Amino acid sequence: MINQKHLNTFITLAETGHFTQTAERLFMTQPGVTQHIKKLEKHFNTLLLERYGKQFELTLAGEKLYQTALTMRDLETQLNEQINHDEMTKGICSIACSGALANLLYPHFVQQQTVHPELSVFVEAAPNKNIIADLLSNKVDLGIVTIESSHEQLKQTLVGVEELQLVLPASIKFDGVCRFEDLNEIGFINHPDGLHFAEKVLSVNFKADYKGPNSLTIKGYVNQLQQILLPVAKGVGYTVLAKSTVEQFQQPALLQVLPLEHVIQDSLYLTQKRYRQIPARYQWFEDTIKTLLSE
């Protein structure tokens with residue numbers, strides 16, 4: 001390895017053309033400057049200076065070393081600038097959340113991109129378990145989940161709550177109170193967060209008869225957010241979804257939201273890796289998410 005202090009002495013000497021001036025500029029003695037040059041010549045096993053009297057000329061090897069040393073110095077300067085500079089409005093931002101939240105948040109993210117074209121925003125709509133896995137594997141830097149994780153590598157901030165609704169076909173009529181056996185007769189339309197949502201709503205409102213996910217009669221499964229309510233609207237089954245998703249359905253007259261004795265609020269946690277430092281450009285996205293989800 002080249003001694004960087006010796007190399008800096010050589011660059012300064014080549015620029016000043018004088019041993020005494022080099023020593024003064026570097027707060028060294030003149031013999032110290034000479035010693036650094038001799039050590040470089042020993043390192044490369046060639047002469048770097050052609051001395052005559054008190055003056056010198058760079059040899060061909062010296063010229064090559066000087067030009068290369070300047071390039072190395074410039075690269076080091078650029079490296080220091082890049083490492084220590086954190087762009088606020090440039091680079092990739094990767095965020096994962098539910099499809100319903102993506103519908104809410106993404107238009108705001110796109111607007112930020114129109115203001116700052118050098119931002120690249122990647123939004124992944126996924127269920128809780130996939131978001132957690134993507135965070136842990138560094139595929140995304142920010143995630144919004146509805147489960148409180150005890151994983152030591154994750155940190156979470158509660159940023160809002162969202163009501164969960166039990167949604168049935170509008171064509172279904174009940175004689176009196178809806179019972180769990182009535183729901184099972186209709187059948188459950190599952191989705192990526194379906195069992196998690198069902199557990200929260202049914203375990204509290206139908207606790208006498210609901211015995212966990214295995215007690216559900218499942219009539220279907222769909223992982224596309226826009227399609228989950230389609231079989232419900234057609235009378236095929238019922239489901240449990242976030243209120244914002246239900247409100248976005250294009251044919252609300254085909255649905256009915258069952259009134260619940262105990263309204264269930266699902267917590268929303270902004271989640272990231274505890275020991276992974278994310279760039280400053282994420283601050284706007286964090287602030288926007290917190291503002292929108294707290295309304």
Side-chain angles (χ1 to χ4, degrees), residues 95-111 123-131 144-147 160-206 209-210 213 215-268 288-289 292-295:
I95 302 167
C97 59
S98 69
L101 289 179
N103 286 344
L104 170 66
L105 298 172
Y106 190 56
H108 297 272
F109 296 169
V110 171
Q111 181 59 35
V123 176
E124 180 74 20
N128 287 318
K129 63 179 182 179
N130 290 21
I131 295 173
I144 307 169
V145 297
T146 59
I147 54 175
V161 294
E162 188 165 39
E163 181 183 338
L164 295 180
Q165 294 187 331
L166 183 57
V167 190
L168 295 88
S171 58
I172 299 292
K173 306 300 180 184
F174 297 105
D175 295 328
V177 178
C178 175
R179 300 163 299 173
F180 180 66
E181 62 184 75
D182 297 324
L183 295 177
N184 257 348
E185 187 174 338
I186 302 167
F188 184 68
I189 302 299
N190 197 10
H191 53 87
D193 287 318
L195 297 182
H196 169 68
F197 288 172
E199 178 70 22
K200 286 198 164 189
V201 170
L202 301 179
S203 63
V204 174
N205 287 279
F206 299 89
D209 300 306
Y210 174 73
S215 63
L216 289 172
T217 299
I218 297 179
K219 292 285 288 291
Y221 175 91
V222 59
N223 66 355
Q224 296 297 317
L225 180 72
Q226 310 299 334
Q227 302 296 320
I228 295 172
L229 287 171
L230 180 60
V232 179
K234 296 291 186 180
V236 175
Y238 77 97
T239 195
V240 180
L241 279 170
K243 181 179 180 180
S244 61
T245 304
V246 179
E247 290 177 340
Q248 291 169 16
F249 189 63
Q250 297 297 313
Q251 297 177 289
L254 299 178
L255 306 174
Q256 61 173 313
V257 176
L258 190 71
L260 298 172
E261 181 180 355
H262 304 284
V263 175
I264 304 300
Q265 300 278 4
D266 209 24
S267 299
L268 301 172
T288 300
I289 288 169
L292 292 172
L293 298 188
S294 64
E295 292 177 351

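Values in this document were obtained by computation on a predicted structure and should not be read as measured data. The figures here come from the full heavy-atom set of this structure, side chains too, leaving out hydrogens, waters and symmetry mates.
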Which value, rounded to the nearest 0.5 Å, describes the distance between [X] atom [atom1] and [Y] atom [atom2]?
X      : Y      : atom1 : atom2 : result
Glu163 : Glu247 : CD    : CD    : 8.5 Å
Asn128 : Ile147 : CG    : CD1   : 4.5 Å
Cys97  : Leu104 : SG    : CG    : 8.5 Å
Ile186 : Cys178 : CD1   : SG    : 6.0 Å
Gln165 : Ser244 : CD    : OG    : 9.0 Å
Lys219 : Thr239 : NZ    : OG1   : 12.5 Å

Problem set entry | ring-ring contact (aromatic ring centres under 6.0 Å, His included): pairs with one or both residues in residues 181-206, sequence neighbours excluded |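 Residue pairs with at least one partner in residues 181-206: Phe188-Tyr238, His191-Phe197.
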
Side-chain heavy atoms of [X] within contact of [Y], under 4.5 Å:
X      : Y      : result
Leu183 : Leu202 : yes
Thr146 : Leu268 : yes
Leu195 : Asn190 : yes
Ile264 : Asn205 : yes
Phe174 : Leu168 : yes
Leu255 : Leu229 : yes
Phe109 : Ile95  : yes
Asn103 : Gln226 : yes

Exercise. Is the backbone N or O of Pro127 less than 3.5 Å from a side-chain atom of Asp193, with the two atoms forming a donor-acceptor pair by type?
Worked result: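 No: the side chain of Asp193 does not pair with the backbone of Pro127.
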
Problem set entry | Gln256 side chain to Pro169 backbone, donor-acceptor under 3.5 Å |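 Looks like yes, one N/O pair under 3.5 Å.
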
Distance-minimising heavy-atom pair for [X] and [Y]:
X      : Y      : answer
Pro231 : Gln227 : CD-O, 3.2 Å
Ala126 : Ile131 : O-CD1, 3.4 Å
Ala100 : Thr245 : CB-OG1, 2.8 Å
Leu225 : Gly99  : CD2-C, 3.0 Å
Lys200 : Ser267 : NZ-N, 4.4 Å
Tyr210 : Ser215 : CD1-OG, 3.6 Å

Problem set entry | Evaluation steps, side-chain contact (heavy atoms from CB on, under 4.5 Å), between Leu293 and Leu101 | CA-CA 9 Å; Leu293 298 188; Leu101 289 179; 3.7 Å; yes

Problem set entry | Stepwise side-chain contact (heavy atoms from CB on, under 4.5 Å) check, Leu230 with Val222 | CA-CA 10 Å; Leu230 180 60; Val222 59; over 6 Å; no

For this session: Verify side-chain contact (heavy atoms from CB on, under 4.5 Å) between Leu105 and Ile144, making sure each step is shown before the conclusion.
Result: CA-CA 11 Å; Leu105 298 172; Ile144 307 169; 3.6 Å; yes

For this session: Run the salt-bridge test on Arg179 and Asp209 with the 4.0 Å N-O cut-off and return the result as yes or no.
Result: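 No salt bridge links Arg179 with Asp209.
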
